[in-house]
Amino acid sequence: MTVTVRLAAPLRAAAGGKTTIDFDVTDLPQLANQIADRYPELAARVLRDGAFGRFVNVFIDGEDARFLAESDLRGKRTVEILPAMSGGALAPLPQHARREEHEVYGSFIDETIGIVARQTRDTVSFAVGSPSREALDLVGADDLAATVLRREGATALGYGITEGEPDLRDVIASAARDRGVAADASSVLVSAGALQAIDLACRVYLRAGDVVVAESPAFANALSAFRNHGARVLEVPIDGEGLDVVEAARRIRKLGVRPRMFFVVPNFQNPTGETLSLDRREALLALAASYDAVVVEDDPYAALRYRGGELPPLAALGGAEVVSIGTFSKTFLPGLRVGWVIAHADVIARMSRAKQTMDSSTGTLAQRIVLEFHRRGGVDAHIGRLRQLYGEKQDRARVALARELAGTGISWNDPDGGFYFWVRLPRHVKARALLDVALQEGVAFVPGDAFAIDADHANALRFSVSAPTPDRIDEGVRRLRRAFDRVA
């Protein structure tokens, strides 16, 4: 009898790029033997001592083989082989082929930015999720830096406190209280951007083998941080209301795991721009509490809402332990690398000790420039100008996408804020193939599969409107249409 084996994306290269393979077998041992005979490279990744190894999960017509009483495949149609947990480690190569180095995961987002930077032709970049040049010019950075140095001299260039400048911690705590979060300076640690804050959360909460539930697609750099700390990532899809909490609960039960951490970008998520609804915020906290898991909310875009009413932070709702992460990178100056963590004081103390092995303290001058900006007042007015600036860009992009991509089968969502649209291509068009041609046409974006481990987002892309001017947005979408017509 013929059984079709479906392979998860990370395993396909070991089978010559095939997604499915047919075998004439009657049970799992026969299937293992056939794989060993016909696909030795695949066998090296999924088999141990002639049987399916602990680094893979095998599903027979949707049922986990570990919970079946027998391995009989007669009458079965499909066997799925995938890494143990979505994002779990693949089985290592045999001993003779191993390298001593452990794998380190990076970010294809940053690689894409590098690719764009190396282009010699004029390129409209929808690839970067950073403030525009116009937004940076609004800050008056030269005057802020000059004022700090003139007033404080060498003191502003010395070592600082690991937890951060006390006055800046007060500023951050005060802003959190305005959003309903119970915070004071003792519950704040200033970090070198949000990414360091995420890494510190990993160092404090995760141990090798722990399970992190994350959105899919998700912030790619966070996924890499979890994997670099040895965690297994359970990818859960998102829709127009953000993370599908019901589906998360179903997958957790099916796999029989106990999550240690849930990670979400609740507002205008990177990469999709979607926002976690209030009902799902409450449901997520309840689900996390049921497993005694921590919720990490990475919230860099909350201030950049252009339509609709603000939703409360997860940390303001209660019901589970929440670590809140934020940054001045999206609304002030990203090059200063100043972010923060808000958590229980004992967690902050542990993070502080971990940070002392990384950089001792976030840059003193950078912190004091941020503090000077806030001391002068006008932060609310500055955020208002940013909302107008980026809101106009988002509107321009909506119109340009509708005008230029009509009739192509391409679709996109409609976020209420932030920097991103999530663009879906027809099934026969892969975003990475489109990117190659798009660069030739002078336009760039980040392919969707950069934001996942095992989940399939190959037919989607992140489209960021923050950097280009409105006129460049129009031109970039025209170039994107030309590229699509070449590959469609």
Side-chain angles (χ1 to χ4, degrees), residues 105-107 109-110 129-130 160-166 168-173 175-176 179 181 183-206 210 212 214-215 218-229 231 233 260-270 293-303 313-316 321-364 366-367 370-371:
Y105 301 96
S107 169
I109 301 175
D110 297 314
S130 62
I161 302 169
T162 300
E163 293 86 351
E165 294 293 305
L168 182 56
R169 295 171 76 195
D170 279 332
V171 166
I172 294 167
R179 299 184 66 207
V181 179
D184 58 29
S186 69
S187 58
V188 175
L189 179 142
V190 178
S191 61
L195 276 173
Q196 187 186 59
I198 292 170
D199 190 78
L200 288 169
C202 293
R203 289 170 183 256
V204 167
Y205 287 97
L206 298 180
D210 282 347
V212 178
E215 304 153 314
F219 178 35
N221 302 57
L223 294 179
S224 292
F226 304 143
R227 300 174 82 188
N228 286 336
H229 284 278
V233 181
R260 183 68 186 100
M261 179 185 290
F262 290 78
F263 177 83
V264 291
V265 180
N267 295 301
F268 320 122
Q269 189 248 13
N270 182 3
V294 63
V295 177
V296 176
E297 63 169 335
D298 178 25
D299 199 11
Y301 305 100
L314 292 164
E321 182 181 3
V322 177
V323 171
S324 291
I325 291 172
T327 181
F328 294 105
S329 292
K330 307 303 180 183
T331 57
F332 188 52
L333 296 172
L336 294 182
R337 311 308 304 136
V338 180
W340 67 85
V341 187
I342 298 175
H344 296 307
D346 60 334
V347 173
I348 294 299
R350 294 174 65 196
M351 288 186 174
S352 179
R353 291 194 294 272
K355 183 174 167 64
Q356 287 167 354
T357 70
M358 301 167 72
D359 61 7
S360 181
S361 68
T362 301
T364 307
Q367 291 187 66
V370 175
L371 188 57

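- For R337, the side chain to side chain contact (heavy atoms under 4.5 Å, CB included) partners at least two apart in sequence or on another chain are S329.
- For F263, the ring pair (Phe, Tyr, Trp, His ring centres under 6.0 Å) partners at least two apart in sequence or on another chain are F226.
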### Query
Is there a side chain to side chain contact (heavy atoms under 4.5 Å, CB included) between E165 and V338 once you walk through the steps?
CA-CA 11 Å; E165 294 293 305; V338 180; over 6 Å; no

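- A search for ring pair (Phe, Tyr, Trp, His ring centres under 6.0 Å) contacts involving F328 returns W340, H374, not counting sequence neighbours.
- Not a single salt bridge (Lys or Arg N to Asp or Glu O under 4.0 Å) links D210 to another residue, sequence neighbours left out.
- L200 places a side-chain heavy atom less than 4.5 Å from the side chain of L189.
- Put simply, the side chain of K330 does not reach to within 4.5 Å of the side chain of N270, judged on heavy atoms.
- Residues P166 and I161 meet the side-chain proximity criterion, which asks for heavy atoms closer than 4.5 Å.
- Under the salt bridge (Lys or Arg N to Asp or Glu O under 4.0 Å) criterion, R203 pairs with D199, not counting sequence neighbours.
- The shortest heavy-atom contact between L314 and V322 is O-CG2, 4.0 Å.
- Judged as a ring pair (Phe, Tyr, Trp, His ring centres under 6.0 Å), and not counting sequence neighbours, the contacts of Y301 are F419, Y420.
- Partners of E321 under the salt bridge (Lys or Arg N to Asp or Glu O under 4.0 Å) rule, at least two apart in sequence or in another chain, do not exist in this structure.
- Residue pairs that meet the ring-ring contact (aromatic ring centres under 6.0 Å, His included) test with at least one member in residues 343-364, sequence neighbours left out, do not exist here.
- Listed by first then second residue, pairs satisfying side chain to side chain donor-acceptor pair (under 3.5 Å) with a partner in residues 345-355 read E163-S352, Q196-K355, K355-D359, K355-T362, not counting sequence neighbours.
- Remark: A194 engages D298, I325, T327 in a side chain to side chain contact (heavy atoms under 4.5 Å, CB included) (not counting sequence neighbours).
- The side chain to side chain contact (heavy atoms under 4.5 Å, CB included) check on T331 picks up A303, L304, I383, L386, with sequence neighbours excluded.
- Scanning for side chain to side chain contact (heavy atoms under 4.5 Å, CB included) contacts around A185 gives R169, D170, with sequence neighbours left out.
- Q356 places no side-chain N or O within donor-acceptor distance of the main-chain N or O of T162, the cut-off being under 3.5 Å.
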